A.B. asks: 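Shown below is the structure under consideration.
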2 protein chains.
Amino acid sequence: MLTEERYRIILERLQERGVVKLQELVELLEASESTVRRDLIDLEERQLLKRIHGGAALPSPKMQEPGIEEKTFRNIQQKNAVARLAAAQVVDGESIYIDAGTTTLAMIPFIEAKDVTVVTNGLSHIEGLVSKRIKSYLLGGMMKIHTKAVIGSIALQNMDNFRFDRCFLGTNGVDVEMGYTTPDPEEALIKRRAHQLSASSYVLADSSKLGEVSFAKLLDLNEATLITESLTPSWRKSISQKTNIIEGS
Amino acid sequence: MLTEERYRIILERLQERGVVKLQELVELLEASESTVRRDLIDLEERQLLKRIHGGAALPSPKMQEPGIEEKTFRNIQQKNAVARLAAAQVVDGESIYIDAGTTTLAMIPFIEAKDVTVVTNGLSHIEGLVSKRIKSYLLGGMMKIHTKAVIGSIALQNMDNFRFDRCFLGTNGVDVEMGYTTPDPEEALIKRRAHQLSASSYVLADSSKLGEVSFAKLLDLNEATLITESLTPSWRKSISQKTNIIEGS
DNA sequence: TTCAAAATCATTCAAAATCATTCATCAAAA
DNA sequence: TTTTGATGAATGATTTTGAATGATTTTGAA
């Protein structure tokens with residue numbers, strides 16, 4: 001494995017976890033302890049990490065994103081839990097579609113599968129994807145101003161260039177009767193088309209979305225697998241008759 | 001195999017993976033180690049990749065040194081002068097194509113025409129466009145990792161959805177004999193196609209680009225109007241025989 | 001707290017891999 | 001024909017790597 005490749009993997013892992021053990025890296029990189037140790041020394045000299053006894057940690061309390069505005073800590077926790085579950089579904093070598101939206105955005109750092117190809121209509125998603133060196137295609141079409149998502153007929157047509165092993169969609173509402181719903185009909189069209197082009201479809205929804213109903217319908221419950229972080233027993237009972245569920249611990 | 005073909009394959013592979021091993025390329029290109037090594041040296045000189053022990057990696061888009069590079073005040077002044085001239089060409093109600101790149105990016109704030117529709121392949125451009133409430137379409141396709149530009153065959157195909165009144169292209173070199181040139185052949189293809197789909201084509205180049213020649217050719221001088229901020233009389237004479245010029249005061 | 005065992009670390013060295021340079025060959029252009 | 005440029009092989013130089021060694025730090029029990 002190339003030196004730069006190791007550097008990248010180390011930093012990536014560090015971003016995800018905050019700290020890494022040296023032995024963990026030895027195993028992950030399939031390199032000797034000496035080599036990993038040398039890598040850490042190099043990266044520390046570049047100020048990209050701080051070496052600690054037994055491994056390495058993020059340098060200074062890093063600049064967090066300035067705009068975590070209205071989201072509560074609890075919401076972020078939930079969103080990340082869902083995102084992590086979703087990312088774990090991706091298998092090496094697959095091509096997947098990732099919908100625009102904050103929940104799907106959160107799953108990108110957790111993707112560990114190798115050699116995947118990602119198509120997305122989310123402008124914000126591209127940044128994270130390229131920094132993970134994931135081969136990425138952006139859907140062309142009209143920019144929706146507020147959400148930085150690509151929508152419209154050209155996007156739909158553009159999507160026909162692709163076929164996906166899996167698609168991961170966001171939603172604003174999950175309801176037993178109404179299925180999955182979202183406010184913007186244009187976005188709903190895009191999501192629906194992604195579903196049609198995918199072998200498997202997943203909808204990501206933290207528990208705050210349960211019981212909500214929005215304007216435009218994406219899918220019926222039975223058309224996709226629901227990924228959520230936790231369900232009350234009564235919800236689990238009523239939903240599980242209609243759809244597959246991937247649920248956090 | 002032709003040299004240029006090898007270059008193309010190397011850069012392609014690099015875009016896909018972020019790093020390539022030298023031995024990998026030897027096998028892929030069916031050339032000797034010496035030849036591949038020479039190719040890498042050439043491409044590094046063109047700044048299209050960074051050689052590392054064991055192979056090559058994408059050039060790090062690190063902080064530009066304010067010393068030599070184009071971050072000087074003078075260059076920004078020039079770039080803005082060119083950008084302003086270009087933006088002034090846009091007429092109310094037109095649809096235009098704006099190429100990825102820093103010079104074309106600079107023209108967006110200066111656009112005053114009303115009711116224009118913009119198509120671009122530059123991710124960075126979208127931000128400015130939507131904040132000016134300009135109706136914007138993004139080209140779909142593969143993301144080029146270090147310039148945040150969309151390239152590739154899908155982008156080309158995607159572009160066929162549009163016709164433009166004008167297109168504004170960036171360049172890295174303007175030469176009387178060689179015409180307009182740029183380092184990346186993939187980007188050159190995109191630019192060329194934009195030209196073909198436009199009623200009028202403009203190439204933006206501050207005076208530092210004059211006499212420079214890069215790797216891949218976009219257009220001949222006579223195919224587009226050159227927009228630049230100032231010309232020496234000798235340059236004006238030699239270029240004006242071949243092309244239209246829009247020149248700053 | 002203090003001590004000893006365990007874990008982690010820094011340093012060194014030799015082997016392996018990779019690199020730069022040189023040179024001979026070949027084909028196309030002059 | 002000679003010349004030019006590209007190519008591949010060979011050589012020795014350089015860099016990277018993994019293991020070994022002893023030093024240092026952490027851990028846990030007394």
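Since the structure is predicted, the reported quantities are computational estimates derived from the model, not experimental observations.
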A.B. asks: Mapping A:Asp39 and B:Glu30 to their closest nucleotides on DNA chain D, which lands nearer the 5' end?
C.D. replies: B:Glu30

A.B. asks: In chain order, what residues pass the side chain to side chain donor-acceptor pair (under 3.5 Å) check against B:Thr182, with sequence neighbours excluded?
C.D. replies: B:Asn172

A.B. asks: Can a salt bridge be assigned to the pair A:Arg236 and A:Glu247 using a cut-off of 4.0 Å between side-chain N and carboxylate O?
C.D. replies: yes

A.B. asks: What residue pairs, at least two apart or across chains, pass salt bridge (Lys or Arg N to Asp or Glu O under 4.0 Å) with a residue in residues 141-150 of chain B?
C.D. replies: A:Glu127-B:Lys148, B:Lys144-B:Asp184, B:Lys144-B:Glu187

A.B. asks: What residues, two or more places apart in sequence or in another chain, satisfy side-chain contact (heavy atoms from CB on, under 4.5 Å) together with A:Ala88?
C.D. replies: none

A.B. asks: Give me each pair satisfying ring pair (Phe, Tyr, Trp, His ring centres under 6.0 Å) with a member in residues 92-123 of chain A, each pair once, sequence neighbours excluded.
C.D. replies: A:Tyr97-A:Phe164

A.B. asks: Check every nucleotide of DNA chain D for an atom under 4.0 Å from a heavy-atom of chain A, then give the first and the last such nucleotide from 5' to 3'.
C.D. replies: D:dT17 to D:dT26

A.B. asks: Using a cutoff of under 3.5 Å, can you pull out all pairs of nitrogen or oxygen atoms linking the protein to nucleotides 24-30 of chain C, with atom names and distances?
C.D. replies:
none

A.B. asks: Report the distance from atom CD1 of B:Ile245 to atom OG1 of B:Thr225, rounding to the nearest 0.5 Å.
C.D. replies: 9.5 Å

A.B. asks: If the helix axis at each end comes from five base pairs, how far does the helix from C:dT1-D:dA30 to C:dA30-D:dT1 deviate from straight, to 10°?
C.D. replies: 30°

A.B. asks: Name all residues meeting the side-chain contact (heavy atoms from CB on, under 4.5 Å) criterion together with B:Ser201; count only those two or more places apart in sequence or in a different chain, and write none if there are none.
C.D. replies: B:Cys167, B:His195, B:Ser198, B:Ala224

A.B. asks: Please enumerate all residues that pass salt bridge (Lys or Arg N to Asp or Glu O under 4.0 Å) together with A:Asp92, with sequence neighbours excluded.
C.D. replies: none

A.B. asks: Distances under 3.5 Å between protein N/O atoms and the N/O atoms of nucleotides 9-14 of chain C, please, pair by pair.
C.D. replies:
residue	atom	partner	partner atom	Å
C:dC9	OP1	A:Ile52	O	3.2
C:dC9	OP1	A:Gly54	N	2.4
C:dC9	OP2	A:Arg37	NH1	2.7
C:dC9	OP2	A:Arg37	NH2	3.4
C:dC9	O5'	A:Arg37	NH1	2.9
C:dA10	OP1	A:Arg51	NH2	3.0
C:dA10	OP2	A:Arg51	NH1	3.0

A.B. asks: Rounded to the nearest 0.5 Å, what's the gap from CD1 on A:Ile52 to NZ on A:Lys21? Could you check?
C.D. replies: 10.0 Å

A.B. asks: Can you tell me how far CD1 of A:Ile98 sits from OG1 of A:Thr103, rounded to the nearest 0.5 angstrom?
C.D. replies: 12.0 Å

A.B. asks: What residue pairs, at least two apart or across chains, pass ring pair (Phe, Tyr, Trp, His ring centres under 6.0 Å) with a residue in residues 15-59 of chain A?
C.D. replies: none

A.B. asks: Any carboxylate oxygen within less than 4.0 angstrom of a Lys/Arg side-chain nitrogen, looking at B:Glu223 and B:Arg192?
C.D. replies: yes

A.B. asks: Between P on C:dT18 and CG on B:Leu40, what's the gap in Å once rounded to a whole number?
C.D. replies: 13 Å

A.B. asks: For a quick test of your reading: what N or O donor-acceptor pairs under 3.5 Å do the side chains of residues 41-49 of chain A make, sequence neighbours left out?
C.D. replies:
residue	atom	partner	partner atom	Å
A:Asp42	OD2	A:Tyr7	OH	2.6
A:Glu44	OE1	A:Arg51	NE	3.1
A:Glu44	OE2	A:Arg51	N	3.1

